[in-house]
There are 2 protein chains.
Amino acid sequence: MNDGPISRAAIAKSTGLSKQTVSEIVGGLEDAGWVRETGRTSGHVGRSAVNYEIVPEAAYIAAVDLGGTKVRAVIADLACSIHGERVEPTDPKGGVAVAEQIARLCRQVAEDESIPLDKLALAVVGAPGVPETETGSIQMSPNIGGIDTIDFAGAIRTSLGVDVVLENDVNLAVLGENWLGLGQGASNLAFIALGTGIGGGLILNGELIRGAANSAGELGFLPFGADPFEAESKKAGALERVVATVGMKNRYRELSGDAVEVPEIFDRAEQGDQNALTVLDETAKYLARAVCAVCAVANPEKVILGGSIGERSELVERVRALLPAGFSRPITVERSALGHSASLIGAAAIGLTQLRNALFGAEAPAGTIALPSGRTVNLSEAAQ
Amino acid sequence: MNDGPISRAAIAKSTGLSKQTVSEIVGGLEDAGWVRETGRTSGHVGRSAVNYEIVPEAAYIAAVDLGGTKVRAVIADLACSIHGERVEPTDPKGGVAVAEQIARLCRQVAEDESIPLDKLALAVVGAPGVPETETGSIQMSPNIGGIDTIDFAGAIRTSLGVDVVLENDVNLAVLGENWLGLGQGASNLAFIALGTGIGGGLILNGELIRGAANSAGELGFLPFGADPFEAESKKAGALERVVATVGMKNRYRELSGDAVEVPEIFDRAEQGDQNALTVLDETAKYLARAVCAVCAVANPEKVILGGSIGERSELVERVRALLPAGFSRPITVERSALGHSASLIGAAAIGLTQLRNALFGAEAPAGTIALPSGRTVNLSEAAQ
DNA sequence: TCTATTAGTTCGGTAAGGGAACGAATTAAT
DNA sequence: ATTAATTCGTTCCCTTACCGAACTAATAGA
């Protein structure tokens, strides 16, 4: 379904439904307040047509990106436009305190934008880790305390009064890129996020892949980098040990003796520091191998790199240069277009898809997005 | 849908359809000859019910397993029973000759079993390599000559006169294991076949994963084993170079000086040959890493090992022993229950699913199987 | 003003299925 | 043997979702 003013005749043409069926459906939606008239066509031969548009303020969803350091919340309307935004440092108390912080942020954004809370249909919360649907908790999320032992989704739900969906942030990122980023139209897409850790999000056959235990895309456990059968690798993941923040810092200290943060390593590399360049080269090599692994297993059309480290063009270019040597078929690698907003946009994608499927007929299976891509400019603009 | 004699009332209960709807549908199928009455229930309180069963001989599909050395063809009826089997060495002329061989084998099996050819609805052909839907050819299949440049599917189709579906053999194997093997009920399942090469088949979200270019599961290109960015790895695949038949033979020759075949290596290992044991240990380690890689990316519920090398319990046990050291969550690894028949059974699964969906309503998306698992004993028996 | 063209409605019809009532057949209890 | 309880299967009518054809309405351009 495409958005924007559209006449019933045009809907009939594009959907293949007959004119009177479309008239009936549109009539129903109009009576229910979901769509409204918005002027008429003119200019071409023949009778002018009445145009309809979705009533943006008919329903809203909240999209939340919960990170180890920051929480970010926005509200999106039915027409897929963003309204307002709030960012705060993540409450260090963790657990219920974070749940309440998220609920409060959503309420505040709604108030900022004069959106009545009862029009809020759903909140989608993205976070690092493995959300457990049964318990409502989030496992394996070391940077946010106490959310692995409580019904985190339930706590937000109780405080905010709307349904809550939890999803892994990298999974959301791949949905975001699929909707508004560089993966548009791809039904087989991978997103690899490299930052504090390394994680992957996968869309295959047009659907988000979560795996049997919601832990598909745990690329940190790819069996190379460090020795995969060593005790330390069992905890941290063989690849994650060497390729993510800690691994890069360690490696640079090994080479240079300096204990510096990752952005500093990038800066020094730019200034020609040989040790920093070595670290980047090595990291790129590992990242390239991770890309190869994902392609060997899943064969996506495109791999998008993101995360605070993975989105650095220094790395993306190095990876691009390495890949032709390692794989028989060419692999398309892109730098994330949405940056750190990919997850937030993905959260909006899930929420809006669910909402719109409920209204306009649920043709799409869960984990698939079918949203208009044209008019959602302000979401893309919100990206950076 | 479950098979076996079943009353209309029971169908109504299990499908949720109303009784009269079921009566209408069953009536239609009976008129068309797809189902028939088969006695009545008795024993419990209440009126006795008329039972219906599928008419097995109403339609058939052919399942073909095309390998580098042998072609195997069977025919399955609508009730999922196997009828007849023929095996032949693969025609070394390759190309059209093989297509005609397959068509002839199918005709012969049909004749053996007095099955009229016009009841044959479909032939599903599994082969190593990457089938191209657009051209009907099979790419990357070095052991069977000339099938990458012709319309192989079309050639079979022309000669046999029925629709032909080509599918990768490992993809079929995972479908086979999902239907009648050790992966029953799993909607996230992986099959890794290790033999001449190494390949993986993946079912995620209940659907077969083919990837963007039909080459998901090309595990030979996993970036470890040999140096992944070396020229040789680009052709053969870094992992395939060291883990499959040729790699094992080379490694054993390196260690011992003897150029022997793989089964001989296994025999010598059993007799305590230290070099042979080393080769097995190393191969197991690589295989375990491949399992880890698949689990890190796709997180299947279970990984099934097969192929002439991968199905050896010596390897399966070694892999099982290694895995707990390499992965945070336990990974379930099984030895293929269906052995070299997994692909054939998968081919039957695809064919029968397609056939039955066409008849009984196509609720299931492509790449999903929804077949009865109980009564298909003779297919499982045909396995070894 | 007339005409081609496009928009939208009215009217009837079809396919898939549901709900309720009811007759038919069967076992179990009296 | 009769009756009650239970289950099977049908009949009748309803709803939902859709389509096709004919028709009316509006508009640009000749």
Side-chain angles (χ1 to χ4, degrees), chain A residues 1-55 354-365 368 370, chain B residues 1-55 353-366 368 370:
Chain A
M1 177 186 324
N2 201 21
D3 273 25
I6 187 170
S7 73
R8 279 169 285 185
I11 295 175
K13 252 174 225 157
S14 77
T15 58
L17 295 173
S18 65
K19 285 189 293 177
Q20 63 297 9
T21 302
V22 172
S23 273
E24 278 170 31
I25 293 172
V26 171
L29 290 171
E30 191 176 12
D31 288 349
W34 299 113
V35 303
R36 67 183 164 213
E37 274 189 49
T38 174
R40 312 177 70 90
T41 57
S42 72
H44 19 259
V45 210
R47 178 174 174 176
S48 69
V50 178
N51 278 335
Y52 289 83
E53 66 178 2
I54 288 179
V55 178
Q354 203 154 313
L355 184 56
R356 293 165 66 114
N357 277 351
L359 286 183
F360 306 125
E363 302 112 29
T368 311
Chain B
M1 174 184 329
N2 201 21
D3 273 26
I6 188 171
S7 73
R8 277 170 284 185
I11 295 175
K13 250 174 228 159
S14 75
T15 60
L17 295 173
S18 67
K19 285 188 292 178
Q20 66 296 6
T21 303
V22 172
S23 274
E24 277 169 32
I25 294 173
V26 171
L29 290 171
E30 191 176 12
D31 288 350
W34 299 113
V35 302
R36 67 184 164 211
E37 274 189 50
T38 173
R40 314 177 69 90
T41 58
S42 71
H44 26 259
V45 213
R47 179 173 173 179
S48 68
V50 178
N51 278 335
Y52 290 82
E53 67 179 359
I54 289 179
V55 178
T353 299
Q354 201 154 315
L355 184 55
R356 293 166 65 114
N357 278 350
L359 286 182
F360 306 125
E363 302 112 29
T368 310

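When reading the values below, keep in mind they use all heavy atoms of this one structure, side chains included, and skip hydrogens, waters and symmetry mates. In what follows, chains carry the letters A, B, and so on, assigned in the order in which the sequence lines appear, proteins first and then strands, with residues in each chain numbered from 1.
Within the 4.0 Å cut-off from OP1 or OP2 of C:dG18, at least one side-chain nitrogen or oxygen of B:S18 is found.
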With 3.5 Å as the limit, what N/O pairs link the protein to nucleotides 5-9 of chain C?
| residue | atom | partner | partner atom | Å |
| --- | --- | --- | --- | --- |
| C:dT6 | O2 | A:R47 | N | 3.0 |
| C:dA7 | N3 | A:R47 | NH1 | 2.8 |
| C:dG8 | OP1 | A:V50 | N | 2.6 |
| C:dG8 | OP2 | A:A9 | N | 3.3 |
| C:dG8 | N7 | A:K19 | NZ | 2.7 |
| C:dG8 | O6 | A:K19 | NZ | 2.9 |
| C:dT9 | OP1 | A:R8 | NH1 | 3.3 |
| C:dT9 | OP2 | A:R8 | NH1 | 3.4 |
| C:dT9 | OP2 | A:S23 | OG | 2.6 |

Tabulate protein N/O versus nucleotide N/O from nucleotides 13-16 of chain D, keeping only pairs under 3.5 Å, one per line.
none

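Applying the side-chain hydrogen bond (donor to acceptor under 3.5 Å, both in side chains) rule to B:T21 yields the partners B:S18; only residues at least two apart in sequence or on another chain are considered. Taking A:T41 as the reference, A:H44, A:S48, A:A49, A:N51 meet the side-chain contact (heavy atoms from CB on, under 4.5 Å) condition, with sequence neighbours excluded. Under the rule for a salt bridge (Lys or Arg N to Asp or Glu O under 4.0 Å), the partners of B:R36 that lie at least two apart in sequence or sit in another chain are B:E53, B:E57. Every residue meeting the side-chain contact (heavy atoms from CB on, under 4.5 Å) condition with B:T15, not counting sequence neighbours, appears here in chain and number order: B:I11, B:L17, B:V22.
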Table please: side-chain donor-acceptor pairs of residues 26-35 of chain B below 3.5 Å, with sequence neighbours left out.
none

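One atom, CD of B:E24, and another, C1' of C:dA15, lie 10 Å apart when rounded to the nearest Å. Computed from coordinates, the B:I6 CD1 to D:dC8 P distance equals 11 Å when rounded to whole Å.
Atom-to-atom distance recorded for B:T38:OG1 and B:Y52:OH is 11.0 Å, nearest 0.5 angstrom.
Among residue pairs with one or both ends in residues 9-24 of chain A, none qualify as salt bridge (Lys or Arg N to Asp or Glu O under 4.0 Å); sequence neighbours excluded.
Among the atoms of the strands shown, only primed sugar atoms or phosphate atoms (P, OP1, OP2) are found under 4.0 Å from some heavy atom of A:G16.
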